[in-house]
Amino acid sequence: MTYGFMPGMQSVTFVPDQLVAGNCKIVTQPITIGASQTLLRGAVLGKVTATGEYILSVATATDGSEVPCAILVEDVTTAAGATAPGDAYVMGEFNTNYMTYDASWTVATLTEAMRPYAIYLKTSISGAPPTS
C-alpha cells in the first residue's frame with residue numbers, strides 16, 4: 001500500500017509560546033479592555049476601579065490599575081474612546097520571559113503583587129525567548 005502524493009493535504013505543527021509555565025490549573029475570564037491600548041499576549045493588566053476596564057498595569061497609577069491582577073490571553077488593540085472584549089488569565093503559572101509589563105515593575109515586585117491572585121510567575125532558563 002502506498003499513499004504517494006496527496007494534493008491539498010497540509011501538515012501543521014503547533015509550537016507553544018511558553019507563556020504558560022507549569023501544571024497549575026489555568027483559569028480565564030472574559031474582560032473589557034480599556035480604550036487606546038495596544039497590548040500583546042502576556043501583558044500584565046490591572047483593573048480600573050471606576051470603569052471595570054482592564055489596562056496595562058503601572059505600579060505608580062492611582063486608578064486601581066496599579067494592582068496587577070490578570071494576564072492577557074491574546075493580542076488586543078483598542079481605538080481611542082473604544083473598548084474591546086478580551087480574555088485574561090486570572091489563575092495559573094506563567095513564564096516572565098514571555099510576559100510584557102510596564103517598566104515601573106520588576107519581575108520580583110510583580111511576583112509578589114500577583115501571588116494573592118493565584119498568579120504565579122516563574123523565570124525559566126529553558127523558556128528563554130530565542131535570540132535570533
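Please read these numbers as outputs of a predicted model, since none were measured by experiment.
Applying the 4.5 Å side-chain rule to ILVMFWY residues, one finds that V58 remains a lone member of its cluster. Within the hydrophobic cluster formed by Ile, Leu, Val, Met, Phe, Trp and Tyr side chains joined at under 4.5 Å, directly or through other members, V90 is accompanied by V27, M91.
Remark: Q18 CD to N97 CG distance equals 9.0 Å, nearest 0.5 Å. Here the CE atom belonging to M99 is positioned 7.5 Å from the CG atom belonging to L19, to the nearest 0.5 angstrom. Between the CD1 atom of I119 and the SG atom of C69 there is a distance of 7.0 Å, given to the nearest 0.5 Å. Here the CD1 atom belonging to I31 is positioned 11.0 Å from the OG1 atom belonging to T83, to the nearest 0.5 angstrom. Residue F94 holds its CZ atom at 13.0 Å from CG of L110, rounded to the nearest 0.5 Å. Rounding to the nearest 0.5 angstrom, the gap separating the CD1 atom in I71 from the OG1 atom in T100 is 9.5 Å.
Residue pairs meeting the salt bridge (charged side-chain N to carboxylate O under 4.0 Å, His left out) criterion with at least one member in residues 22-34: none, sequence neighbours excluded. Legend: salt bridge (charged side-chain N to carboxylate O under 4.0 Å, His left out) pairs involving residues 90-104, not counting sequence neighbours, sorted by first then second residue: E93-K122. Residue pairs meeting the salt bridge (charged side-chain N to carboxylate O under 4.0 Å, His left out) criterion with at least one partner in residues 68-89, sequence neighbours excluded, are absent. For residues 17-61, no residue pair satisfies the ring pair (Phe, Tyr, Trp, His ring centres under 6.0 Å) rule, not counting sequence neighbours.
Counting all heavy atoms, side chain and backbone alike, A35 lies closest to A80 at CB-C, 4.4 Å. When all heavy atoms of C24 and G92 are compared, the closest pair comes out as SG-CA, 4.2 Å. For S36 against G81, the heavy-atom pair with the smallest separation is OG-N, 4.2 Å. Nearest heavy-atom pair across A59 and S104 is N-OG, 2.8 Å.
Here A84 pairs with V76, T78 under the side-chain contact (heavy atoms from CB on, under 4.5 Å) rule; sequence neighbours left out. Listed by chain and residue number, nothing satisfies the salt bridge (charged side-chain N to carboxylate O under 4.0 Å, His left out) test with E53 (two or more places apart in sequence, or in another chain). T28 pairs by the side-chain hydrogen bond (donor to acceptor under 3.5 Å, both in side chains) definition with nothing, not counting sequence neighbours. Qualifying side-chain contact (heavy atoms from CB on, under 4.5 Å) partners for T109, counting only residues two or more places apart in sequence or in other chains: W105, T106.
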Quick one: side chains of residues 111-118, donor-acceptor pairs under 3.5 Å with protein atoms, not counting sequence neighbours, listed by atom name and distance.
from, atom 1, to, atom 2, distance (Å)
T111, OG1, V107, O, 2.7
E112, OE1, R115, NH1, 3.3
E112, OE2, R115, NH1, 3.0

Would you be so kind as to tabulate the donor-acceptor pairs closer than 3.5 Å made by side chains of residues 39-50, with sequence neighbours excluded?
from, atom 1, to, atom 2, distance (Å)
R41, NE, D17, OD2, 2.4
R41, NH1, V73, O, 2.7
R41, NH1, Y89, OH, 3.0
R41, NH2, D17, OD1, 3.2
T49, OG1, D63, O, 3.3

